[in-house]
Peer 1: 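Got a structure here, written out as structure tokens. Questions coming.
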Amino acid sequence: MTTHFKNMTFYWNRSVGKLTVALGLLLSLTSVPTMMAQKTTAKKRSAATATTAQTQSAEQLMQSYKFTEAARLLQREIDAARSSGRSTMRLEADLQRANLGIDMLRGTERVTFIDSIVVSRKDMLQRLQLSANAGKVVCLKDVLSEEQLRSGQYGQAGYINELNDRVIFSKSDSTGCANNLHIAYRVGNGWSAPTPLEGMHDVSCEQDFPFMMPDGVTLYYGAQGEESLGGYDIFVTRYNPDTKQYLKAENIGMPFNSPANDYLLAIDESTQIGFLLTDRNQKPDSVCIYAFIPNATRDIYEMSDANKKRVIHAAMLHSISETQTDQEITKSALQRLNQLRAQAQSASTSQGKHLYVINDHTIYTSLNEFRSETARRIAQQADEIRQKLQQLLVRQDELQKKAFSAKLTQSDKDELRETNAQIPTLQKQYDDLCKNMRVAEIK
């Protein structure tokens with residue numbers, strides 16, 4: 001039987017089986033190159049992925065928060081070193097860091113960050129703005145006498161309490177091998193001989209950048225040691241009045257600590273704003289000052305396969321906007337932060353220290369220093385707004401004090417409401433003018 005389909009003729013009888021086989025063979029031969037190409041491509045992709053993983057060092061993996069992969073790589077390197085009789089001391093120290101990173105990532109705290117500013121490392125302590133009752137963090141060389149500084153090895157930062165009668169700072173021990181936290185007390189215009197904080201001198205690490213909470217019990221500080229993930233990590237300890245010693249310090253974990261240097265954590269209780277000073281993701285000699293909302297209780301992210309990327313982003317501070325899940329809380333905190341900055345600026349002005357910040361390396365103290373006439377004119381406009389803002393802040397403080405004493409009239413309430421509304425507006429105008437001033441001066 002013969003069947004015709006368009007231009008093709010098939011002889012159906014006994015050749016039907018042969019036809020099927022021929023067609024199948026033809027299809028198979030046609031598919032072979034495609035299948036081989038797909039397999040080759042897959043092998044190349046797999047090989048490329050494996051090569052990329054192999055070329056990444058354990059340190060690079062840890063910097064990317066791939067701590068589990070880093071630990072596996074380090075364990076293989078340790079096994080290879082042992083089999084060849086080489087020292088594994090450094091590799092085992094790195095493995096300890098990788099395992100610490102695994103634990104810290106699982107315990108990442110849910111924290112709302114509201115702002116960040118990049119400053120030069122040498123100016124980072126001066127750029128930290130705290131209210132008066134939070135005390136102050138200072139450069140140690142600006143506090144101690146030349147004689148004291150010559151007498152031993154000292155750290156970089158000191159914390160002076162709100163009463164200005166004691167200072168906590170880092171100083172080397174009697175062997176000169178480690179810097180531990182010490183305390184000195186006000187004596188006239190100077191400070192007494194420093195004494196070690198009890199319980200802190202047994203810790204085998206380099207301690208610096210202290211900050212004491214107003215309770216006089218809770219102490220944060222930065223340290224480099226076996227329990228640090230990066231260079232400096234932030235630790236917290238508390239004073240035990242019964243034993244008259246500080247308890248064993250704890251690493252406060254992520255997102256406050258990272259594989260980079262995390263120097264200092266300070267919490268301004270009166271404004272409920274915290275500050276973190278870190279050089280993660282920064283150029284050399286630069287530091288980022290993050291502002292955040294302190295938690296009353298520790299809230300941990302849930303770690304799961306579906307949520308892992310989000311947790312890593314939160315831990316590494318990939319984007320502060322990702323942490324802002326409640327816009328009303330964030331807005332309120334930003335208002336408090338702006339008021340704190342305005343008050344700090346007002347305090348500087350009252351001491352004759354008004355500053356015009358041009359960039360991370362240039363700060364003017366006078367309008368005469370401006371090179372651009374446009375920038376100088378904008379700076380003058382900013383000064384006028386700042387003066388209005390300072391007057392409103394003073395009035396706001398007066399009205400709030402009256403409110404606390406229950407002496408607020410209806411007129412006062414209306415004025416306070418209007419003042420509270422005007423302050424954020426003026427603060428934004430001031431910030432915008434300062435930004436335009438910097439742009440005009442740099443051009």
Side-chain angles (χ1 to χ4, degrees), residues 119 121-172 179-201 206-223 232 234-239 241 244 246 249 262-277 287 289 291 294 337 340-341 343-353 355:
V119 301
R121 190 183 182 285
K122 63 183 179 64
D123 294 331
M124 66 179 184
L125 299 181
Q126 293 93 322
R127 299 294 295 275
L128 176 64
Q129 296 173 326
L130 300 169
S131 59
N133 56 2
K136 55 186 175 182
V137 182
V138 297
C139 291
L140 205 55
K141 64 180 181 180
D142 296 333
V143 175
L144 299 183
S145 65
E146 292 185 8
E147 181 181 355
Q148 285 177 311
L149 291 172
R150 285 196 302 267
S151 66
Q153 181 68 36
Y154 287 84
Q156 302 175 55
Y159 170 77
I160 300 178
N161 66 341
E162 69 278 12
L163 298 177
N164 201 37
D165 64 357
R166 64 192 63 188
V167 57
I168 299 174
F169 55 89
S170 177
K171 181 182 180 299
S172 63
N179 278 6
N180 299 127
L181 294 179
H182 288 61
I183 189 168
Y185 297 91
R186 175 70 67 183
V187 177
N189 294 326
W191 301 97
S192 67
T195 57
L197 294 183
E198 293 298 327
M200 301 294 293
H201 56 283
E206 295 289 325
Q207 303 165 3
D208 206 344
F209 305 102
F211 179 82
M212 178 73 78
M213 293 293 292
D215 60 10
V217 172
T218 307
L219 175 65
Y220 293 97
Y221 64 94
Y232 278 97
I234 295 167
F235 291 77
V236 62
T237 181
R238 291 172 177 83
Y239 184 72
K244 300 188 184 314
Y246 283 87
D262 304 290
Y263 297 106
L264 185 145
L265 184 139
I267 296 177
D268 193 316
E269 262 197 352
S270 63
T271 59
Q272 279 301 292
I273 299 294
F275 298 94
L276 168 67
L277 277 62
V287 169
I289 301 178
L337 177 62
L340 178 61
R341 287 172 172 169
Q343 289 168 358
Q345 184 66 58
S346 176
S348 297
T349 304
S350 66
Q351 298 171 9
K353 296 180 180 180
L355 305 177

Peer 1: List in chain and number order the residues that pass side chain to side chain contact (heavy atoms under 4.5 Å, CB included) with Ala134, two or more places apart in sequence or in another chain; answer none if no residue qualifies.
Peer 2: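 Only Leu130, Ser131, Asp268 meet the side chain to side chain contact (heavy atoms under 4.5 Å, CB included) criterion with Ala134.
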Peer 1: Is there a donor-acceptor pair under 3.5 Å between the side chain of Asn161 and the backbone N or O of Asp165?
Peer 2: yes
Peer 1: So do the side chains of Asn179 and Asp208 get within less than 4.5 Å of each other, counting heavy atoms only?
Peer 2: no
Peer 1: For residues Phe209 and Met124, report the shortest heavy-atom separation together with the two atoms involved.
Peer 2: CE2-CE, 3.5 Å
Peer 1: Under the side chain to side chain contact (heavy atoms under 4.5 Å, CB included) test, which residues partner Ser192, sequence neighbours left out?
Peer 2: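 Per chain and number, Ser192 pairs via side chain to side chain contact (heavy atoms under 4.5 Å, CB included) with Ala184, Tyr185, Val187.
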Peer 1: Would you indicate whether the side-chain heavy atoms of Tyr220 and Met212 approach each other to under 4.5 Å?
Peer 2: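 A side-chain contact is absent here, since even the closest heavy-atom pair is not under 4.5 Å.
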Peer 1: Looking at Glu162, is its backbone amide N or carbonyl O close enough to the side chain of Asn133 to form a donor-acceptor pair, meaning the two atoms are under 3.5 Å apart?
Peer 2: no
Peer 1: Got a second to check how far Leu276's CG is from Ile267's CD1, nearest 0.5 Å?
Peer 2: 10.5 Å
Peer 1: Which residues satisfy the side-chain hydrogen bond (donor to acceptor under 3.5 Å, both in side chains) test with Asp142, sequence neighbours excluded?
Peer 2: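 side-chain hydrogen bond (donor to acceptor under 3.5 Å, both in side chains) check on Asp142 returns nothing, list empty.
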Peer 1: What are the two closest non-hydrogen atoms of Ala266 and Leu128, and how far apart are they?
Peer 2: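 Shortest heavy-atom contact: CB-CD2, 4.5 Å.
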Peer 1: Is Gln126 close to Cys139 at the side-chain level, that is, under 4.5 Å between some pair of heavy atoms?
Peer 2: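 Cys139 reaches Gln126 side chain to side chain.
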Peer 1: Holding to side-chain hydrogen bond (donor to acceptor under 3.5 Å, both in side chains), I want the full list of residues that pass it with Arg186, two or more places apart in sequence or in another chain.
Peer 2: Asn164
Peer 1: In Å and rounded to the nearest 0.5 Å, what is the OG1 to NZ distance from Thr195 to Lys171?
Peer 2: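 Going from the OG1 atom of Thr195 to the NZ atom of Lys171 covers 10.5 Å.
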Peer 1: Is there a side-chain contact between Leu337 and Phe275 (heavy atoms, below 4.5 Å)?
Peer 2: yes
Peer 1: Can you tell me which residue among Leu265, Val137, Leu264 is in a side chain to side chain contact (heavy atoms under 4.5 Å, CB included) with Leu277?
Peer 2: Leu264
Peer 1: Hey, does the side chain of Glu198 reach the backbone of Lys244 with a donor-acceptor pair shorter than 3.5 angstrom?
Peer 2: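 The answer is no, because no donor-acceptor pair under 3.5 Å joins these two groups.
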Peer 1: Which atoms form the tightest heavy-atom contact between Ala157 and Pro210, and what is the distance?
Peer 2: O-CD, 3.8 Å
Peer 1: First locate atom CD1 of Ile273, then atom CZ of Arg341, and finally report the distance between them rounded to the nearest 0.5 Å.
Peer 2: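 Going from the CD1 atom of Ile273 to the CZ atom of Arg341 covers 9.5 Å.
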Peer 1: Show your working on side-chain contact (heavy atoms from CB on, under 4.5 Å) between Asn180 and Leu197 and close with a plain yes or no.
Peer 2: CA-CA 8 Å; Asn180 299 127; Leu197 294 183; over 6 Å; no
Peer 1: What pairs with Pro214 under side chain to side chain contact (heavy atoms under 4.5 Å, CB included), at least two apart in sequence or on another chain?
Peer 2: Glu269
Peer 1: What is the distance from atom CG of Leu140 to atom CD1 of Ile168, rounded to the nearest 0.5 Å?
Peer 2: 12.0 Å
Peer 1: Please list all pairs meeting ring-ring contact (aromatic ring centres under 6.0 Å, His included) that have one or both residues in residues 147-168, counting only residues at least two apart or in different chains.
Peer 2: Tyr154-Phe169, Tyr159-Phe211
Peer 1: Do you know the tightest heavy-atom contact between Pro194 and His182?
Peer 2: CB-CB, 4.0 Å
Peer 1: Test of understanding: with side-chain hydrogen bond (donor to acceptor under 3.5 Å, both in side chains), list the residues that count as partners of Arg121, not counting sequence neighbours.
Peer 2: Gln156, Tyr263
Peer 1: Under the side chain to side chain contact (heavy atoms under 4.5 Å, CB included) test, which residues partner Thr237, sequence neighbours left out?
Peer 2: Met200, Leu219, Tyr221, Tyr246, Leu247, Ala249
Peer 1: Tell me, please, which residues at least two apart from Asp262 pass salt bridge (Lys or Arg N to Asp or Glu O under 4.0 Å).
Peer 2: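 Listed in chain order: Arg280.
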